[in-house]
Amino acid sequence: QVQLVESGGGLVQAGGSLRLSCAASGRTFSSYAMGWFRQAPGKDRDILAAISWSAGSTYYADSVKGRFTISRDNAKDTMYLQMNSLKPEDTAVYYCAASGRSGYILSRRLYDYWGQGTQVTVSS
């Protein structure tokens, strides 16, 4: 079992920045591929970014490419999502997830563990 806890969400003006954290506990964090998802009201939970266990491979959705940066610190059992140039359409609940598979994982069905989510609201 892996427990994931997100933090760092909040209210920010358009153009601002936030950094989300995902703290893991339980099994060895460094052996898991990780991902960030978000879900706006009435919409699906979509992949934003993903990172392999070693951080050697990353993926970004087109909607966040160039604005968001995923990273991880295996020594601290923590993953991050630096979000810059935020837009009102980035408003959603943000989730982190862990997968026991290799590489970076894009499908939400292939993630084994999920955090509870943190709300990000971007005002115009």
Side-chain angles (χ1 to χ4, degrees):
Q1 288 279 346
V2 174
Q3 292 78 44
L4 303 173
V5 179
E6 303 96 338
S7 62
L11 174 65
V12 64
Q13 288 189 330
S17 299
L18 284 174
R19 188 175 82 154
L20 304 183
S21 298
C22 174
S25 60
R27 292 191 174 181
T28 306
F29 172 75
S30 61
S31 64
Y32 286 86
M34 300 293 294
W36 285 102
F37 291 74
R38 72 183 176 193
Q39 187 168 20
K43 295 190 176 181
D44 290 337
R45 188 174 299 187
D46 295 327
I47 182 81
L48 296 178
I51 190 167
S52 61
W53 68 268
S54 67
S57 299
T58 57
Y59 162 86
Y60 295 94
D62 287 344
S63 59
V64 304
K65 197 174 295 182
R67 299 189 300 126
F68 291 10
T69 302
I70 189 171
S71 62
R72 65 189 296 163
D73 185 338
N74 288 341
K76 295 182 178 180
D77 292 347
T78 303
M79 176 180 66
Y80 304 97
L81 186 68
Q82 178 66 44
M83 306 187 295
N84 299 327
S85 302
L86 284 161
K87 306 174 182 179
E89 51 264 44
D90 293 319
T91 295
V93 178
Y94 284 66
Y95 298 90
C96 65
S99 171
R101 294 159 180 84
S102 59
Y104 59 75
I105 308 302
L106 303 186
S107 171
R108 57 185 281 191
R109 292 189 297 273
L110 298 182
Y111 280 87
D112 305 300
Y113 303 101
W114 292 84
Q116 292 292 99
T118 185
Q119 176 71 45
V120 172
T121 303
V122 184
S123 63
S124 57

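All values below come from the heavy atoms of this structure, side chains included, with hydrogens, waters and symmetry mates left out. If you read the sequence from its start, that first residue is 1, and numbering goes on from there. If you're wondering where the values come from, they're calculated on a predicted model, not measured in any experiment.
Partners of Gln119 by side chain to side chain donor-acceptor pair (under 3.5 Å), not counting sequence neighbours, listed by chain and number: Thr121. For Asp46, there are no side chain to side chain donor-acceptor pair (under 3.5 Å) partners at least two apart in sequence or on another chain. For Thr69, the side chain to side chain donor-acceptor pair (under 3.5 Å) criterion is met by no residue, not counting sequence neighbours. Remark: Tyr95 pairs with no residue by the ring pair (Phe, Tyr, Trp, His ring centres under 6.0 Å) rule, at least two apart or across chains. Among residues two or more places apart in sequence or in another chain, the side chain to side chain contact (heavy atoms under 4.5 Å, CB included) test is passed with Gln13 by Ser123. For Ser102, there are no side chain to side chain contact (heavy atoms under 4.5 Å, CB included) partners at least two apart in sequence or on another chain.
Between the CH2 atom of Trp53 and the OG atom of Ser31 there is a distance of 9.5 Å, given to the nearest 0.5 Å. The line from NZ of Lys76 to OG of Ser21 is 9.5 Å long, rounded to the nearest 0.5 Å. Taking OG of Ser7 as the reference point, atom CG of Leu20 lies at 8.0 Å (rounded to 0.5 Å). Here the OG atom belonging to Ser30 is positioned 7.0 Å from the CZ atom belonging to Arg72, to the nearest 0.5 angstrom. Put simply, CZ on Phe29 and CG on Leu4 are 8.0 Å apart, with the number rounded to the nearest 0.5 Å. Once rounded to the nearest 0.5 Å, the distance linking CG of Asn74 with CE of Met34 reads 9.5 Å.
Identified under the disulfide bond (SG atoms under 2.5 Å apart) test for residues 10-112, with sequence neighbours left out: Cys22-Cys96. Residue pairs meeting the salt bridge (Lys or Arg N to Asp or Glu O under 4.0 Å) criterion with at least one member in residues 30-45, sequence neighbours excluded, are Arg38-Asp90. Residue pairs meeting the salt bridge (Lys or Arg N to Asp or Glu O under 4.0 Å) criterion with at least one partner in residues 5-19, sequence neighbours excluded, are absent. Pairs passing the salt bridge (Lys or Arg N to Asp or Glu O under 4.0 Å) check and including a residue from residues 92-111, sequence neighbours excluded, read Arg101-Asp112.
Both Leu18 and Val122 are members of a single hydrophobic cluster when ILVMFWY side chains are connected at heavy-atom separations under 4.5 Å. At a threshold of 4.5 Å between side-chain heavy atoms, the hydrophobic network of Ile, Leu, Val, Met, Phe, Trp and Tyr places Leu48 and Tyr113 in one connected group. In the hydrophobic clustering of this structure, Val120 groups with Met79; members are Ile, Leu, Val, Met, Phe, Trp, Tyr whose side-chain heavy atoms approach within less than 4.5 Å, directly or through other members. Both Leu110 and Phe37 belong to a single network of hydrophobic side chains, linked directly or stepwise wherever heavy atoms of I, L, V, M, F, W or Y lie under 4.5 Å apart. Leu106 and Trp36 fall into different hydrophobic clusters, where Ile, Leu, Val, Met, Phe, Trp and Tyr side chains are chained together by heavy-atom contacts under 4.5 Å.
Heavy atoms only, all atoms of each residue included: Thr78 and Ala23 are closest at OG1-CA, 4.2 Å. The two atoms that bring Ala50 and Tyr111 nearest to each other are CB-OH, 3.8 Å, heavy atoms only.
Around atom CD of Gln116, no more than 12 heavy atoms belonging to other residues, nucleotides or ligands sit under 6.0 Å away.
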Pair up each side-chain donor or acceptor in residues 54-62 with any protein partner under 3.5 Å, not counting sequence neighbours, and list the distances.
| unit_1 | atom_1 | unit_2 | atom_2 | d |
| --- | --- | --- | --- | --- |
| Ser54 | OG | Gly56 | N | 3.2 |
| Tyr60 | OH | Ile70 | N | 2.8 |
| Asp62 | OD1 | Lys65 | NZ | 3.2 |

Identify every side-chain donor-acceptor pair in residues 80-88 under 3.5 Å, counting partners at least two apart or on other chains, and give the distances.
| unit_1 | atom_1 | unit_2 | atom_2 | d |
| --- | --- | --- | --- | --- |
| Gln82 | NE2 | Asn84 | OD1 | 2.9 |
| Asn84 | OD1 | Ser17 | OG | 2.9 |

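Note on ring orientation: taking the six-membered ring where Trp is involved, the planes of Tyr94 and Phe68 are tilted (angle from 30° to 60°).
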